Novice: 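Dumping the structure here so I can ask a few things about it.
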Amino acid sequence: MLDYLVVGLGLAGISFCEQLERKGKSFKVISDNSQQASLVAGGLYNPVILKRFTLAWNAKEQLDLALPFYEELEKKLKVKLDYKIQVLRRFASAEEQNSWFEASDKPGLNYFLDQNIISNANTNLDSPFGYGQVRYTGRIKTKTLLERYTSYLNDKGLLVEETCDFDALEILKDEIIYKDMKAKQVVFSEGYGLKKNPFFNYLPLNGTKGELLTIKAPKLKESKVIKSSVFIIPLGDDLYRIGATYKWKDKTNLPTQESREELIEKLKTFLKCDFEVVEHVAGIRPTVADRRPLVGRHPEYNNLYVLNGFGSRGVIIAPYASKQLFQFIELGDKLNIEMDISRFTAKHYFG
Ligand SMILES: Cc1cc2nc3c(=O)[nH]c(=O)nc-3n(C[C@H](O)[C@H](O)[C@H](O)COP(=O)(O)OP(=O)(O)OC[C@H]3O[C@@H](n4cnc5c(N)ncnc54)[C@H](O)[C@@H]3O)c2cc1C
């Protein structure tokens, strides 16, 4: 009898497995590759919403948990995952500079926004109004994390690489049977794949497709993340990730010509040197109507749980939400009310 079965191995699944391992719980994971969000993500952690100069939801608390969490993972997997890198917000006008000054004075935001305006020193970037710098930012190499975690689980015989067959789940009062496995509880962390989960698909997960390009730009020589109409994220070796798009209709993981053109067009408004596109990827962000995660217990089955809805901030939300879920199940602690799925219980019964 396992303590847990975890369905879906993206940032959510990995973070929950880590709670389990660190607390000595037994588990197995079932996962396929139908969703790609954690694999293709830009991986940035940045506590500020750079469109509006506001703080992201609970960002400070999440960041304070996330950084030691990834540090532990680096030690365990013996791989570098966390790259501290500055994020510069390009200003489009003097008004934007003023809004930045105002924002950087506000409690909470003043911790993260540097008041100085940084002038542009890169001749291959057009930025006459300069930049504002965000503090305590960085990038987690999510693809490396996923690949290394997959091998780690495989080596321990804890990963079943298949699509969960929901019809094969036999839910009894004190246990769940799935094929040759038995567990006390199941945690579903399938990202946008939740849509196919008959137990939790009443939850309002919208899904927002995002596409990213990787370019090679030997003349650019930029070491910081530049945020304008698109992000430029330095990867090393003259490679940069460019993204991302936001599309609400198409729910496939397929890259499109339309998004490629959109990204290139936006990039060319401020990038002045030649570049070549070397990669193009797409994935679906698990976004929720009210922009809060979906975490908690099923309204009818007390041994089924969900961990989802991290939107475009999975890197910092995953460690926080998974810790909350673990303590909710094991210690009976209350979940942060804003992400507790009990806010949608009426939808389960009445649609
Ligand atoms: C283009 C793009 C850029 C992004 N950039 C950033 C960024 O810079 N910073 C940031 O913090 N976030 C970013 N995000 C968001 C981030 O990727 C997500 O918040 C996060 O990856 C979601 O993780 P998840 O584990 O919930 O879902 P997923 O990563 O989708 O993982 C779910 C896993 O479950 C599996 N699965 C699904 N259904 C089943 C099933 N029935 N049976 C078995 N397995 C199943 C899937 O195949 C997948 O492996 C970005 C997302 C996109 C698309």
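These numbers come from the heavy atoms of this one structure, side chains and all, not from hydrogens, waters or symmetry mates. Just so you know, these numbers come straight off a predicted model, no measurement behind them. Positions are given from 1, in the same order as the sequence printed here. Just so you know, ligand 1 is whichever comes first in the structure, and atom 1 is the first atom listed for that ligand.
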Novice: Give me the residue, atom name and distance of the protein heavy atom closest to atom 53 (C) of ligand 1.
Specialist: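 That would be Gly283 O, 3.4 Å.
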Novice: What protein heavy atom is closest to atom 7 (C) of ligand 1, reported as residue, atom name and distance in Å?
Specialist: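 Among all protein heavy atoms, the one nearest atom 7 (C) of ligand 1 is Gly43 N, 3.3 Å.
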Novice: Should the proximity of Leu9 to ligand 1, defined as any heavy atom under 4.0 Å, be assigned to the side chain, the backbone, both, or neither?
Specialist: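 Within the 4.0 Å criterion, Leu9 contacts ligand 1 through backbone atoms alone.
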Novice: For ligand 1, is there an atom lying under 4.0 Å from some heavy atom of Ser34?
Specialist: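 True for this residue.
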Novice: Going by heavy-atom distance to atom 46 (C) of ligand 1, choose the closest among Gln35, Lys209, Glu211.
Specialist: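 Ranked by closest heavy atom to atom 46 (C) of ligand 1, first place is Gln35.
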Novice: Looking only at protein heavy atoms, which one is nearest to atom 11 (O) of ligand 1, and what is the separation?
Specialist: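 For atom 11 (O) of ligand 1, the nearest protein heavy atom comes out as Val315 N, 2.9 Å.
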Novice: Got an N/O contact under 3.5 Å between Gly314 and ligand 1?
Specialist: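 Gly314 vs ligand 1: N/O contact under 3.5 Å present.
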Novice: Tyr83 ring centre to Lys80 NZ or CZ under 6.0 Å, with the angle to the axis within 45°?
Specialist: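 Judged by the rule (NZ or CZ under 6.0 Å from the ring centre, within 45° of its axis), Lys80 counts as positioned above Tyr83.
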Novice: I'd like to know whether Phe200 forms a side chain to side chain contact (heavy atoms under 4.5 Å, CB included) with Leu294, so could you lay out the CA-CA distance, the side-chain angles of the two residues, the decisive distance to 0.1 Å, and finally the verdict.
Specialist: CA-CA 10 Å; Phe200 286 106; Leu294 298 169; over 6 Å; no
Novice: Looking at Thr163, which atoms of ligand 1 are within less than 4.0 Å of one of its heavy atoms?
Specialist: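 Taking each heavy atom of Thr163 in turn, ligand 1 has 41 (N), 42 (N), 43 (C) under 4.0 Å.
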Novice: Measure the distance from atom 36 (N) of ligand 1 to every protein heavy atom, then report the residue, atom name and distance (to 0.1 Å) of the closest one.
Specialist: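 The closest heavy atom on the protein side is Asp32 OD1, 3.3 Å.
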Novice: Are any of the N or O atoms of Leu11 closer than 3.5 Å to those of ligand 1?
Specialist: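 Right, the criterion is met.
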Novice: Of the backbone atoms (N, CA, C, O) and the side-chain heavy atoms from C-beta on, which set of Ala318 has a member under 4.0 Å from an atom of ligand 1: side chain, backbone, both, or neither?
Specialist: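 Neither part.
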Novice: Tell me if the centroids of the rings in Tyr305 and His298 come within less than 6.0 Å of each other.
Specialist: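 Distance test on ring centres: not under 6.0 Å, no.
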Novice: Which of these, Asn302, Asn303, Asp174, sits in a side chain to side chain contact (heavy atoms under 4.5 Å, CB included) with Gln185?
Specialist: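 Only one of Asn302, Asn303, Asp174 forms a side chain to side chain contact (heavy atoms under 4.5 Å, CB included) with Gln185, namely Asn303.
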Novice: Using the side chain to side chain donor-acceptor pair (under 3.5 Å) rule, take Ser259 and Thr256 through it: C-alpha gap first, then chi angles, then the decisive distance, then the call.
Specialist: CA-CA 6 Å; Ser259 288; Thr256 64; 3.2 Å; yes
Novice: For the rings on Phe344 and Tyr202, is their centre-to-centre separation under 6.0 Å?
Specialist: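 No; Tyr202 has its ring centre 6.0 Å or more from that of Phe344.
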Novice: Within ligand 1, which atoms have a heavy atom of Leu212 less than 4.0 Å away?
Specialist: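 Going through ligand 1 atom by atom, the ones under 4.0 Å from Leu212 are 1 (C).
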Novice: Would a distance-only check, ignoring hydrogens and angles, find a side-chain to backbone donor-acceptor pair under 3.5 Å from Asn124 to Lys219?
Specialist: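 It does hold such a pair.
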Novice: Does an N or O from Ala37, backbone or side chain, lie closer than 3.5 Å to an N or O of ligand 1?
Specialist: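 Among all N and O atoms of Ala37, at least one is under 3.5 Å from an N or O of ligand 1.
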Novice: Which one of Lys195, Glu190, Gln36 has a non-hydrogen atom at the shortest distance from atom 32 (C) of ligand 1?
Specialist: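 Heavy atom nearest to atom 32 (C) of ligand 1 belongs to Glu190.
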Novice: How about Val278 and Ile215: do any of their side-chain heavy atoms sit closer than 4.5 Å?
Specialist: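 Answer no - side chains too far apart.
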Novice: Can Glu162 be said to touch ligand 1, with heavy atoms closer than 4.0 Å?
Specialist: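 The answer is yes: ligand 1 sits under 4.0 Å from a heavy atom of Glu162.
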Novice: Out of Gly243, Ser38, Ala244, Gly13, whose heavy atom sits nearest atom 21 (O) of ligand 1?
Specialist: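 Answer by nearest heavy atom: Ser38.
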Novice: If you look only at distance, which donor and acceptor atoms sit under 3.5 Å apart when one is on a side chain in residues 2-15 and the other is two or more places apart or in another chain?
Specialist:
unit_1: Asp3; atom_1: OD1; unit_2: Lys184; atom_2: NZ; d: 3.1
unit_1: Asp3; atom_1: OD2; unit_2: Ser26; atom_2: N; d: 2.9
unit_1: Asp3; atom_1: OD2; unit_2: Ser26; atom_2: OG; d: 3.3
unit_1: Tyr4; atom_1: OH; unit_2: Glu330; atom_2: OE2; d: 2.7
unit_1: Ser15; atom_1: OG; unit_2: Leu11; atom_2: O; d: 2.7

Novice: Give me the nearest non-hydrogen protein atom to atom 42 (N) of ligand 1 as residue plus atom name, then the distance to 0.1 Å.
Specialist: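 Result: Cys164 N, 2.8 Å.
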Novice: Counting N and O atoms only, with roles assigned by atom type, does the side chain of Glu74 sit under 3.5 Å from a partner on the main chain of Leu81, one being a donor and the other an acceptor?
Specialist: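 Side chain of Glu74 to backbone of Leu81: a pair is present.
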Novice: Quick one: does Arg285's side chain have a donor or acceptor within less than 3.5 Å of a partner on Gly207's backbone?
Specialist: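 No, the answer is negative, given that no donor and acceptor are paired below the 3.5 Å cut-off.
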Novice: With respect to Ala12, determine whether any N or O atom, backbone or side chain, lies less than 3.5 Å from an N or O atom of ligand 1.
Specialist: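 Yes, Ala12 has an N/O under 3.5 Å of an N/O on ligand 1.
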Novice: So is Lys196 close enough to ligand 1, meaning a heavy atom under 4.0 angstrom away?
Specialist: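 Lys196: no contact with ligand 1 (<4.0 Å).
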Novice: Could you identify the single nearest non-hydrogen protein atom to atom 34 (O) of ligand 1 and state the distance to 0.1 Å?
Specialist: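 Protein heavy atom with the smallest distance to atom 34 (O) of ligand 1: Gly8 CA, 3.1 Å.
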Novice: Quick one: which of Ile264, Leu220, Asp238 gives a side chain to side chain contact (heavy atoms under 4.5 Å, CB included) with Phe275?
Specialist: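 Between Phe275 and the candidates, side chain to side chain contact (heavy atoms under 4.5 Å, CB included) is satisfied uniquely by Ile264.
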Novice: Suppose the criterion is salt bridge (Lys or Arg N to Asp or Glu O under 4.0 Å): which pairs have a residue in residues 309-325, not counting sequence neighbours?
Specialist: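 Every candidate salt bridge (Lys or Arg N to Asp or Glu O under 4.0 Å) pair involving residues 309-325 fails, so no pair, neighbours aside, qualifies.
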Novice: Taking distance alone, with N or O pairs closer than 3.5 Å, would you say Ile316 contacts ligand 1?
Specialist: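 In fact, backbone or side chain, Ile316 has no N or O that close.
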Novice: What do we get for Ile317 next to ligand 1 when only non-hydrogen atoms under 4.0 Å count, side chain, backbone, both or neither?
Specialist: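 It is neither; nothing of Ile317 touches ligand 1.
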Novice: Geometry only, no angles: is Gly42 polar-contacting ligand 1 at N/O separations under 3.5 Å?
Specialist: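 Between Gly42 and ligand 1 (N or O atoms, distance only) the closest approach is under 3.5 Å.
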Novice: Quick check on side chain to side chain contact (heavy atoms under 4.5 Å, CB included): which of Met181, Glu190, Glu161, Lys179 does Ile30 satisfy it with?
Specialist: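 Result: among Met181, Glu190, Glu161, Lys179, Met181 is the only option passing the side chain to side chain contact (heavy atoms under 4.5 Å, CB included) with Ile30.
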Novice: Quick check with a 6.0 Å cut-off and a 45 degree axis cone: is Lys60 positioned over the face of Tyr111's six-membered ring?
Specialist: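 Relative to the ring axis of Tyr111, which defines the angle, Lys60 lies inside both limits.
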Novice: For atom 31 (O) of ligand 1, what's the nearest protein heavy atom and its distance?
Specialist: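 Nearest protein contact, heavy atoms only, for atom 31 (O) of ligand 1 is Gly10 CA, 3.5 Å.
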Novice: Geometry only, no angles: is Ser312 polar-contacting ligand 1 at N/O separations under 3.5 Å?
Specialist: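 Yes, there is a polar N/O contact under 3.5 Å.
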Novice: So which protein heavy atom does atom 15 (C) of ligand 1 come closest to, and at what separation?
Specialist: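 Answer, as residue, atom name and distance: Gly311 O, 3.2 Å.
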Novice: Find all atoms of ligand 1 within a distance of less than 4.0 Å from any non-hydrogen atom belonging to Ser189, and give their numbers and elements.
Specialist: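 Contacts of ligand 1 toward Ser189, numbered from 1: 32 (C), 34 (O).
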Novice: Just heavy atoms, cut-off under 4.0 Å: does Leu44 contact ligand 1 by side chain, backbone, both, or neither?
Specialist: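 Both backbone and side chain of Leu44 come within 4.0 Å of ligand 1.
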Novice: Report yes or no: does His280 contribute a side-chain atom to a donor-acceptor pair with the main-chain N or O of Leu212 at less than 3.5 Å?
Specialist: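 No; zero donor-acceptor contacts below 3.5 Å.
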